[in-house]
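In what follows, a single structure is set out as structure tokens and then discussed.
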Amino acid sequence: AKPDGSDVKPLTDVDGYDAESTVCGGKITFTSARKGGTLAIYTMNLDGTGRVQVSQLPGQLCFGTSWAPGGDWVLYQVCDPAADPAHDWSSIWIGRPDGSENRQLTGEAEAWFGASYGPPDNPRSGSTMPRWAPDGSGILYARRQPGSKVPWQFQPQRPDTTHFNRDFRPELSVGGTQICLLDPQRKASTPLTPSQPATWELRPDWSPDSTRILFCRAGVGELPALWAITRDCGGLCRLTDAEGRGADFPRWVPAKRPQFLLPGRALSVIFRAKFRDALRKAGLIDQVPATVWTKDWVVHLQHAGNGDKVL
């Protein structure tokens, strides 16, 4: 379709379920269930021709596709619906766009997939996706702590009419999840956040320069709050609280002024000038050596309130 919504042209046939498409280098990768089959990963040209099935895992649910920077791999996750009818967990895979090669990067049921969270009066759900770094150096995902069980327990004995067929059973909750960085070459994961019981982390997202990460964190029965951390595990900070409606599905927005939120160097200069003006107004400026105003100042910055008010 054109940007104004006109000239809409179907790229796939109606005999199937198509979702979660992304575009790279003139090709589209997407998730599709065709002729009653389970979800699989496909690629095709922008005009709908040249359709190729990437994933080759009959009976498995393949979802959450996106391109590697450069377009040489397709990232997706795989859930075994027979062993996990709730679709809570998945493994992380990559495949060649032409379907010639697929690699499993994590263990079975290692990543949080069909996330469910929130209090009894405001439950939330939605797939949490792995994210490839813009510079191609690694993949973020929410890793399951060994033996973890979610507090919102799936109820397979009753019909699923809401796509949230779960009961809140906090007494059955075990473990949690943490944000990890996956090296696709070595198939090795590095935790970026501490492993904490009863803490569920999800929806990581990269900054455009691949140095910082946004993610959500929720306790058992709590709405998620927004957090940030650097890829070297520094600067962990909470940006919003979990009150009200919580914070979910974070995304980095390209900024005209990238250093706007915490411009330490600029604030030091401004603070020095404001302090000098205040001393001059109070008639005290002559009591301070002139060299003080020619040196760089170090100003300690500390948050006040929460991220909701800042944004």
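These figures come from a predicted structure and were not determined experimentally.
Side chain of Arg238 to main chain of Thr240: a donor-acceptor pair is present (N/O by atom type, distance under 3.5 Å, no hydrogens or angles). A donor-acceptor pair under 3.5 Å is absent between the side-chain atoms of Gln60 and the main chain of Val78, judged by distance alone. A side-chain donor-acceptor contact under 3.5 Å links Gln145 to the backbone of Gln196. A donor-acceptor contact shorter than 3.5 Å links the side chain of Thr162 to the backbone of Phe164. At distances below 3.5 Å, at least one donor-acceptor pair connects side-chain atoms of Thr177 with backbone N or O atoms of Glu201. Not one N or O on the side chain of Trp152 forms a donor-acceptor pair closer than 3.5 Å with the backbone of Asn165. Panel note: side chain Gln153, backbone Gln155; no donor-acceptor pair is recorded below 3.5 Å.
Proximity of Gln178 to Pro191: side-chain heavy atoms (C-beta onward) are separated by under 4.5 Å at one or more points. Using a 4.5 Å heavy-atom threshold, the side chains of Pro184 and Trp73 count as separate. No side-chain heavy atom of Gln104 sits less than 4.5 Å from a side-chain heavy atom of Ile94. Side-chain atoms of Pro119 and Leu223, non-hydrogen and from C-beta on, do get closer than 4.5 Å to each other. Side chains of Trp206 and Thr211 form no contact here, defined as non-hydrogen atoms less than 4.5 Å apart. Side-chain atoms of Thr43 and Trp67, non-hydrogen and from C-beta on, do get closer than 4.5 Å to each other. Considering only heavy atoms from C-beta on, Val74 stays 4.5 Å or farther from Arg96 through its side chain. Residues Pro250 and Cys216 form a side-chain contact, since some pair of their non-hydrogen atoms from C-beta on lies under 4.5 Å apart.
Sorted by first then second residue, the salt bridge (Lys or Arg N to Asp or Glu O under 4.0 Å) pairs that include residues 37-65, not counting sequence neighbours, are Asp13-Arg51. Residue pairs meeting the salt bridge (Lys or Arg N to Asp or Glu O under 4.0 Å) criterion with at least one partner in residues 159-168, sequence neighbours excluded, are Asp88-Arg166, Arg158-Asp167.
Linking Ile, Leu, Val, Met, Phe, Trp and Tyr whenever their side-chain heavy atoms come within less than 4.5 Å leaves Ile229 and Leu214 in two separate clusters. Cluster annotation: Val8 is not connected to Leu46 through the hydrophobic network of ILVMFWY side chains, with a link wherever side-chain heavy atoms come within less than 4.5 Å. Hydrophobic clustering (side-chain heavy atoms under 4.5 Å, transitive across Ile, Leu, Val, Met, Phe, Trp, Tyr) groups Val288 together with Phe271. Residues Leu11 and Val23 share a single hydrophobic cluster, defined by chaining ILVMFWY side chains whose heavy atoms lie under 4.5 Å apart.
Classified by interplanar angle (parallel below 30°, tilted 30° to 60°, perpendicular above 60°), the ring pair Phe275/Trp293 is tilted. Between Phe63 and Phe113, the angle of the ring planes lies from 30° to 60°, which puts this pair in the tilted group.
Close placement of the Trp112 and Trp200 rings is indicated, their centers lying within 6.0 Å of each other.
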Item to check | Arg231 and Ser137: CA distance, side-chain angles, deciding distance, side-chain hydrogen bond (donor to acceptor under 3.5 Å, both in side chains) verdict | outcome: CA-CA 11 Å; Arg231 69 176 298 154; Ser137 59; 2.8 Å; yes
Next on the checklist: Is there a side-chain hydrogen bond (donor to acceptor under 3.5 Å, both in side chains) between Tyr76 and Asn102? Walk through the geometry before answering.
Outcome noted: CA-CA 10 Å; Tyr76 61 98; Asn102 285 270; 2.5 Å; yes
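Between Gly99 and Val52, the shortest heavy-atom contact is N-CG1, 4.1 Å.
With a 6.0 Å cutoff to the six-membered ring centre and a 45° limit on the axis angle, Arg131 does not count as a cation-pi contact of Tyr141.
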